[in-house]
Structure formats: structure tokens, C-alpha cells
Amino acid sequence: MATALIRQVPKCFDRALVREGRPAIDVELARRQHDEYRRRLEEAGYTIEVVPPDESHPDCVFVEDTAVIVGSVALITRPGAPERRGETEPVAAALSGFPLVRVNAPATIDGGDVLTAGDTLYVGRSSRTNDGGIGQLRAVASDQGFGVIVVDVHDTLHLKSAVLPVDAETVVVTRGAVDEEKLADFRIVYESDSEPHRFSALPLRDGTVLVTASAPATAARVVALGHRVVPIDVSQIQAADGGLTCMAVLF
Ligand code: CIR
């Protein structure tokens, strides 16, 4: 059985963190888009577990950043943005079926910086994830039989803002955003230059790949690989620097 842990969009979502300026967000539309995302996950066969929203944490819908499943263990992160650190405990409670390992200060790590591919964890060293966080992830990974490859993230929020797996071998990459040399084991497909930073993807267990509707030219490159893509409009999630991976923890 596969589960998707999600968290609803809070009313204060228009105060979400963004890298530049302040987001102009229609919270009601964000909620409808999130409902559609949930529906797609259900359709693909996931059992949905919902953590209620937290009105003191505008970014709480981005549940991926708070927990990483590594083998049989759930690593509860210490998010890089201090404003987000209070998001973790309700997620930890929802994951209490797993042995939990908590990241300790001063280490920081966001789940958006961790990409799992087979028995390798690619971890972004970013403005949110520091060497301490990478070290604590490495300890859990090594216990669980995973290798770790560190990828420097230069020009985007998280590793998975710019490196999106679409199947076990292939990632869609935003040119110039990360240290691509570390991705040598993947087949790389580049995001279309006409729509930079508007592509996100989430491969689902039924074999479809959920893709952002805002990047049709990049999505066409994924179709050309032979994948069945399902576009979804998440404009209001993107307005808060989010994508498709960040709204769920899948296990
Ligand atoms: C933040 O800045 O933390 C949120 N506004 C966006 C987080 C997106 N998370 C992700 O891509 N994993």
C-alpha cells in the first residue's frame, strides 16, 4: 500500500516565504488547486493522510520539507528557514509509525533538497541545507544502506526546484541551477529555455507523471521519452516558490 501524507493550505498562505518580494496569492484558488492535486494522488492509488493546516505557519502545505523517508526510518528535518521550524512536530506525529530520527541544531536540512534514486540520496547544499544537515542525513543513510551524493545548488531554492526525476533514470534539469557534474548517473533532459523555472514533476505509482501545466514545452520533452503526463495547474503554489514534489511525503 502506498500513502501520501499531505497538509492543507492554511488561510495565511498569502504570507508564504518567497525568494524575492511578496507573493500575490489567491488563497482560495490555491486551495482548489491543492484539492485537485489530492484528487490526482487518489486516482493514482495513494491512500491520503492529511495533517490539518497550521495558521501560524503559512508554508505548512510544503510538507516535503519537514520529513524524509530513508529506508525504514523517517528523518524529521530542521528546516533552513527559522519561520518554518514549528512545522515539523505535527508531521512527526503523523509519521509515528516509523522510527523517527530528528535533525539537531545547528544543522539544517529541507526535504526539498533530498532526491532519492534507487539506493542513492542526492542532497542539495543550498541556502536551506547546510553541511551539518548533510552530515546527519549521511549517518541515517549509511545505517539504512544508502549512499549520499552532495550537489551544490547555486541558483534556485532547493535541489528539487531544478532537478526533477521523471523516472528511475531520468531527471529534468534547469540549466545552470545546480552542479550538474554530480548528476552523471542520470539521463538529463533540460527544461525548455522558453519557460525556465516553471516546470515541476512528480512520478506517480500508476506510471503517470504529474507535471505543471505552466511548462508545456518541457512536458513535451517528457512525453517524447514515452511517458504519460498529466498536467496540473498549480499556479498559486508556484507563486509561493513551490512545485509538485513539495506538497507530499510519499511512502
Ligand atoms: C519556502 O520558501 O520554504 C516555501 N515558500 C516554498 C517551499 C517549497 N518546497 C519545496 O520545493 N520542497
Side-chain angles (χ1 to χ4, degrees), residues 4-27 30-31 33-34 37 41 51 53-69 74-88 91 103 108-116 121-130 133-134 137 151 153-165 171-174 177-178 191 196-203 210-212 214-215 232 234-251:
L5 183 78
I6 63 171
R7 195 163 191 185
Q8 291 155 319
V9 175
K11 292 194 195 81
C12 59
F13 186 53
D14 54 351
R15 299 206 306 273
L17 294 176
V18 282
R19 292 209 305 158
E20 281 162 25
R22 226 194 131 85
I25 291 176
D26 176 337
V27 178
R31 288 184 155 178
Q33 291 176 343
H34 189 259
Y37 176 79
L41 294 176
V51 179
D54 172 352
E55 290 303 336
S56 54
H57 289 94
D59 286 292
C60 64
V61 64
F62 300 121
V63 71
E64 168 184 66
D65 292 322
T66 60
V68 181
I69 307 298
L75 181 76
I76 304 303
T77 69
R78 182 168 180 271
E83 301 89 327
R84 298 197 55 193
R85 296 204 181 128
E87 294 175 24
T88 54
V91 175
V103 173
T108 64
I109 185 164
D110 280 12
D113 277 318
V114 184
L115 187 168
T116 305
L121 302 180
Y122 291 82
V123 56
R125 186 191 281 123
S126 72
S127 59
R128 298 288 176 87
T129 296
N130 63 19
I134 293 170
L137 176 72
V151 184
V153 173
H154 314 300
D155 188 24
T156 192
L157 181 61
H158 290 127
L159 179 66
K160 284 189 284 185
S161 310
V163 181
L164 279 311
V171 285
V172 176
V173 172
T174 307
V178 308
E191 190 177 24
H197 300 291
R198 304 304 294 166
F199 180 80
S200 183
L202 183 65
L210 206 56
V211 298
T212 40
S214 57
I232 180 170
V234 287
S235 59
Q236 302 310 292
I237 302 299
Q238 291 175 299
D241 288 348
L244 293 176
T245 65
C246 58
M247 294 183 284
V249 177
L250 304 179
F251 52 92

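Indexing begins at 1, ligand by ligand and atom by atom, following the structure's order.
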Asker: For Glu64, check side chain to side chain contact (heavy atoms under 4.5 Å, CB included) against everything at least two apart and list the hits.
Answerer: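 Once residues adjacent in sequence are excluded, the partners of Glu64 under the side chain to side chain contact (heavy atoms under 4.5 Å, CB included) criterion are Lys160, Thr245, Cys246.
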
Asker: Short list, please: which atoms of ligand 1 are under 4.0 Å from a heavy atom of Glu64?
Answerer: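 Near Glu64, the atoms of ligand 1 are 10 (C), 12 (N).
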
Asker: Just need the protein heavy atom nearest to atom 9 (N) of ligand 1, so name the residue and atom and give the distance.
Answerer: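 Of the protein heavy atoms, Asp65 OD2, 2.8 Å lies nearest.
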
Asker: Taking atom CG of Leu17 and atom CG of Asp241, what is their separation to the nearest 0.5 Å?
Answerer: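 Leu17 atom CG to Asp241 atom CG measures 8.5 Å (nearest 0.5 Å).
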
Asker: For ligand 1, which atoms sit closer than 4.0 Å to a heavy atom of Arg128?
Answerer: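 In order of number, 1 (C), 2 (O), 3 (O).
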
Asker: If the cut-off is 4.0 Å to any non-hydrogen atom of His158, which atoms of ligand 1 fall inside it?
Answerer: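 Answer for ligand 1: 9 (N), 10 (C), 11 (O), 12 (N).
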
Asker: Go through ligand 1 atom by atom and flag the ones less than 4.0 Å from a non-hydrogen atom of Asp241.
Answerer: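 Ligand 1 atoms under the 4.0 Å threshold to Asp241: 6 (C), 8 (C).
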
Asker: So, using side chain to side chain contact (heavy atoms under 4.5 Å, CB included) as the criterion, who are the partners of Pro203 when residues are at least two apart?
Answerer: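 Checked Pro203 against side chain to side chain contact (heavy atoms under 4.5 Å, CB included); zero matches.
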
Asker: Out of Ser161, Ser127, Ser126, which residue meets the side chain to side chain donor-acceptor pair (under 3.5 Å) rule with Asp113?
Answerer: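 Among Ser161, Ser127, Ser126, the one meeting side chain to side chain donor-acceptor pair (under 3.5 Å) with Asp113 is Ser126.
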
Asker: Could you tell me whether a side-chain N or O of Arg84 sits under 3.5 Å from a main-chain N or O of Phe62, the two making a donor and an acceptor?
Answerer: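 Flag set: sc Arg84 to bb Phe62 pair under 3.5 Å.
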
Asker: I'd like to know whether ligand 1 has Lys160 as a neighbour, heavy-atom separation below 4.0 Å.
Answerer: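 For ligand 1, residue contact (heavy atoms, under 4.0 Å) with Lys160 is absent.
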
Asker: Any side-chain heavy atom of Arg7 sitting closer than 4.5 Å to one from Asp54?
Answerer: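 A side-chain contact exists here, since the closest heavy-atom pair is under 4.5 Å.
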
Asker: Do you know which two heavy atoms are closest between Ser200 and Leu244, and how far apart they sit?
Answerer: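 Result for this residue pair: OG-N, 2.8 Å.
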
Asker: Note the single closest protein heavy atom to atom 4 (C) of ligand 1, along with its residue, its atom name and the distance in Å.
Answerer: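 Here the nearest protein heavy atom works out to Asp59 OD1, 3.1 Å.
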
Asker: I'd like to check which ligand 1 atoms, numbered from 1 as shown, lie under 4.0 Å from a non-hydrogen atom of Ala240.
Answerer: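 Contacts of ligand 1 toward Ala240, numbered from 1: 4 (C), 5 (N), 6 (C).
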
Asker: Just heavy atoms, cut-off under 4.0 Å: does Arg19 contact ligand 1 by side chain, backbone, both, or neither?
Answerer: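 For Arg19, there is no contact with ligand 1 at all, from either part.
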
Asker: How far is atom 10 (C) of ligand 1 from its nearest protein heavy atom, and which residue and atom name does that atom have?
Answerer: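 Checked against all protein heavy atoms, atom 10 (C) of ligand 1 sits closest to Cys246 CB, 3.0 Å.
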
Asker: Does the N or O separation between Leu17 and ligand 1 drop below 3.5 Å for any pair?
Answerer: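 The answer is yes, given that Leu17 and ligand 1 share an N or O pair closer than 3.5 Å.
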
Asker: Report yes if the side chains of Val151 and Val163 come closer than 4.5 Å at any heavy-atom pair, otherwise no.
Answerer: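 They are not in contact (no side-chain heavy atoms under 4.5 Å apart), so the answer is no.
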
